[in-house]
Amino acid sequence: MSFEKRVVIVTGAGSPRGIGRAIALTLAEKGADVVVGDLDPAGAEKIAEEIRAMKRGAMAVQVDVTRQQDVTELVRTVLDRFGRIDILVNNAGITQPIKVVDMTENDWDRILAVNLKGTFLCSKAVLSTMIKQGYGRIVNLSSVSGKRGGGVFGGAHYSAAKAGILGFAKALAREVAAHGITVNSVAPGLIATDIRGGLESLERQKEMSRDIPCQRLGTPEEVAAAVAFLASEEAAYITGEDIDINGGSHMD
Ligand SMILES: NC(=O)c1ccc[n+]([C@@H]2O[C@H](COP(=O)([O-])OP(=O)(O)OC[C@H]3O[C@@H](n4cnc5c(N)ncnc54)[C@H](O)[C@@H]3O)[C@@H](O)[C@H]2O)c1
């Protein structure tokens, strides 16, 4: 797989131990220029520096994926600098461990906004460019929570958002397939990142792994490998599909 001359946007890639960073570095290693979008500009800049050290083009852009204006500005900035957008990875996401009985309307709106609306806004924003190019790859971060109904840490709003991403991806995949654009998703299980408020101790990770057939949490790099495949030229005939990366904790 080569990503030479490919321009990639990864949202939510500013987290130092996150899945987005692993995706950004994996694609850069294989030749891509990478735009690191994140709410946190300092975090995004650090990842962009790591990519520049690999002698690839990189740019950090502060973006709130829930705001159309931010997303439009992100795409304009990328086109000014690189002139094209080949791959969008909708990775920005947040979770909240809460039961429906305790969930407020605001909780629901916030989780749906970042995970689902953000995926819609960013996908919409790159489409006209990808259609003009006759080429594009969109890869979304869903979750095992969206497929089996609840994960260990996400509430029902997170499950709804991540299931919504799968439906959105399939419908969009049909719309744009004739333009050489594929739309796919990955559904990770428990991955060792800071999304749950900090990296768990090894002891805690062991406890959390008991019910996982592979007996461990996944790594961001293992998610990145699947994303890279779906974003590659080699995956041109795969669209509307999703790949589980969960150590066997859910099989369908
Ligand atoms: N870690 C897991 O176990 C796991 C499992 C399944 C799915 N996922 C999904 O993978 C993706 C990455 O998760 P992670 O574990 O790397 O999380 P993380 O918390 O390490 O990183 C998420 C990043 O998204 C950014 N972000 C949050 N809100 C944003 C917004 N409105 N606009 C732009 N950026 C925003 C944060 O600043 C952060 O840098 C998420 O979509 C998550 O739901 C994670």
Side-chain angles (χ1 to χ4, degrees), residues 9-26 35-48 60-71 73-74 88-97 109-122 125 139-148 150-155 157-166 168-169 185-200 204-205 208-209 212 214 216-224 226-227 242-247 249-250:
I9 300 174
V10 188
T11 67
S15 177
R17 291 188 283 253
I19 293 170
R21 170 181 173 270
I23 294 167
L25 295 186
T26 298
V35 178
V36 180
D38 206 288
L39 258 186
D40 168 12
E45 184 50 38
K46 278 195 192 127
I47 313 299
V61 180
Q62 182 174 24
V63 63
D64 179 345
V65 297
T66 69
R67 291 168 48 98
Q68 182 155 33
Q69 212 180 322
D70 277 26
V71 172
E73 189 57 30
L74 165 70
L88 166 69
V89 183
N90 285 310
N91 171 77
I94 55 170
T95 187
Q96 183 189 28
D109 288 346
R110 202 167 54 88
I111 296 293
L112 270 285
V114 179
N115 292 287
L116 186 55
K117 183 181 172 187
T119 296
F120 156 65
L121 287 178
C122 293
V139 185
N140 306 306
L141 271 288
S142 177
S143 166
V144 68
S145 300
K147 301 186 86 179
R148 71 167 205 190
V152 183
F153 293 93
H157 47 1
Y158 183 73
S159 292
K162 293 303 193 184
I165 286 174
L166 297 178
F168 173 74
S185 310
V186 293
L190 273 173
I191 309 298
T193 74
D194 293 326
I195 196 168
R196 294 171 293 273
L199 204 57
E200 293 86 6
R204 177 78 184 112
Q205 287 193 24
M208 291 159 65
S209 306
I212 302 172
C214 285
R216 63 174 178 85
L217 271 63
T219 67
E221 289 71 24
E222 287 170 324
V223 179
V227 171
D242 53 88
I243 298 181
D244 289 331
I245 310 157
N246 61 31
S249 60
H250 175 77

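Ligands are counted one by one from 1 in listed order, and the atoms in each one are counted from 1 as well.
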Specify the protein heavy atom at minimum distance from [atom]: its residue, its atom name, and the distance to 0.1 Å.
atom: atom 9 (C) of ligand 1; answer: Y158 OH, 3.9 Å
atom: atom 37 (O) of ligand 1; answer: D38 OD1, 2.6 Å
atom: atom 21 (O) of ligand 1; answer: S15 CB, 3.4 Å
atom: atom 1 (N) of ligand 1; answer: T193 OG1, 3.1 Å
atom: atom 24 (O) of ligand 1; answer: G12 CA, 3.5 Å
atom: atom 19 (O) of ligand 1; answer: I195 CA, 3.5 Å
atom: atom 30 (C) of ligand 1; answer: L39 CG, 3.5 Å
atom: atom 32 (N) of ligand 1; answer: V65 N, 3.1 Å

If you measure from [atom1] on [X] to [atom2] on [Y], what distance do you get to the nearest 0.5 Å?
X: E73; Y: Q62; atom1: CD; atom2: CD; result: 11.5 Å
X: R204; Y: R196; atom1: CZ; atom2: CZ; result: 9.0 Å
X: I165; Y: L141; atom1: CD1; atom2: CG; result: 7.5 Å
X: N115; Y: T66; atom1: CG; atom2: OG1; result: 11.0 Å

Atom of [X], atom of [Y] and distance for their closest heavy-atom approach:
X: V10; Y: G20; value: CG1-O, 3.8 Å
X: I47; Y: G14; value: CG1-CA, 4.0 Å
X: K162; Y: S142; value: O-OG, 2.9 Å
X: F120; Y: F168; value: CA-CZ, 3.8 Å
X: T219; Y: I191; value: C-CG2, 3.6 Å
X: P220; Y: T193; value: CG-CG2, 4.1 Å

For ligand 1 and [X], I'd like to know whether there is a polar contact (N/O to N/O, distance under 3.5 Å).
X: N91; result: yes
X: L141; result: no
X: I19; result: yes

Min heavy-atom dist [X] to ligand 1 below 4.0 Å:
X: R196; value: yes
X: T95; value: no
X: V114; value: yes
X: G154; value: no
X: G189; value: yes

With heavy atoms of [X] as the reference, note each atom of ligand 1 found under 4.0 Å away.
X: V63; result: 32 (N), 33 (C)
X: I94; result: 27 (C), 28 (N)
X: S143; result: 6 (C), 7 (C)
X: P188; result: 5 (C), 6 (C), 7 (C)
X: G18; result: 16 (O), 20 (O)
X: G93; result: 22 (C), 24 (O), 40 (C), 41 (O)
X: L190; result: 3 (O)

Using the side-chain contact (heavy atoms from CB on, under 4.5 Å) criterion, which residues pair with N246? Sequence neighbours excluded.
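Per chain and number, N246 pairs via side-chain contact (heavy atoms from CB on, under 4.5 Å) with V144, D244, S249, H250.
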Quick check against the 3.5 Å criterion: does S159 have a side-chain atom that pairs as donor or acceptor with the backbone of S145?
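The answer is yes, because a donor-acceptor pair under 3.5 Å joins these two groups.
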Is the backbone N or O of A187 less than 3.5 Å from a side-chain atom of S143, with the two atoms forming a donor-acceptor pair by type?
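Answer holds: no.
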Is ligand 1 under 4.0 Å from a heavy atom in the side chain of [X], in the backbone, in both, or in neither?
X: I191; value: both
X: K162; value: side chain
X: P220; value: neither

Give a yes or no on this: more than 12 heavy atoms of other residues, nucleotides or ligands lie within 6.0 Å of atom CD of E200.
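Result for CD/E200: enclosed.
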Got a sec, which residues hit salt bridge (charged side-chain N to carboxylate O under 4.0 Å, His left out) with D40, two or more places apart in sequence or on another chain?
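Per chain and number, D40 pairs via salt bridge (charged side-chain N to carboxylate O under 4.0 Å, His left out) with no residue.
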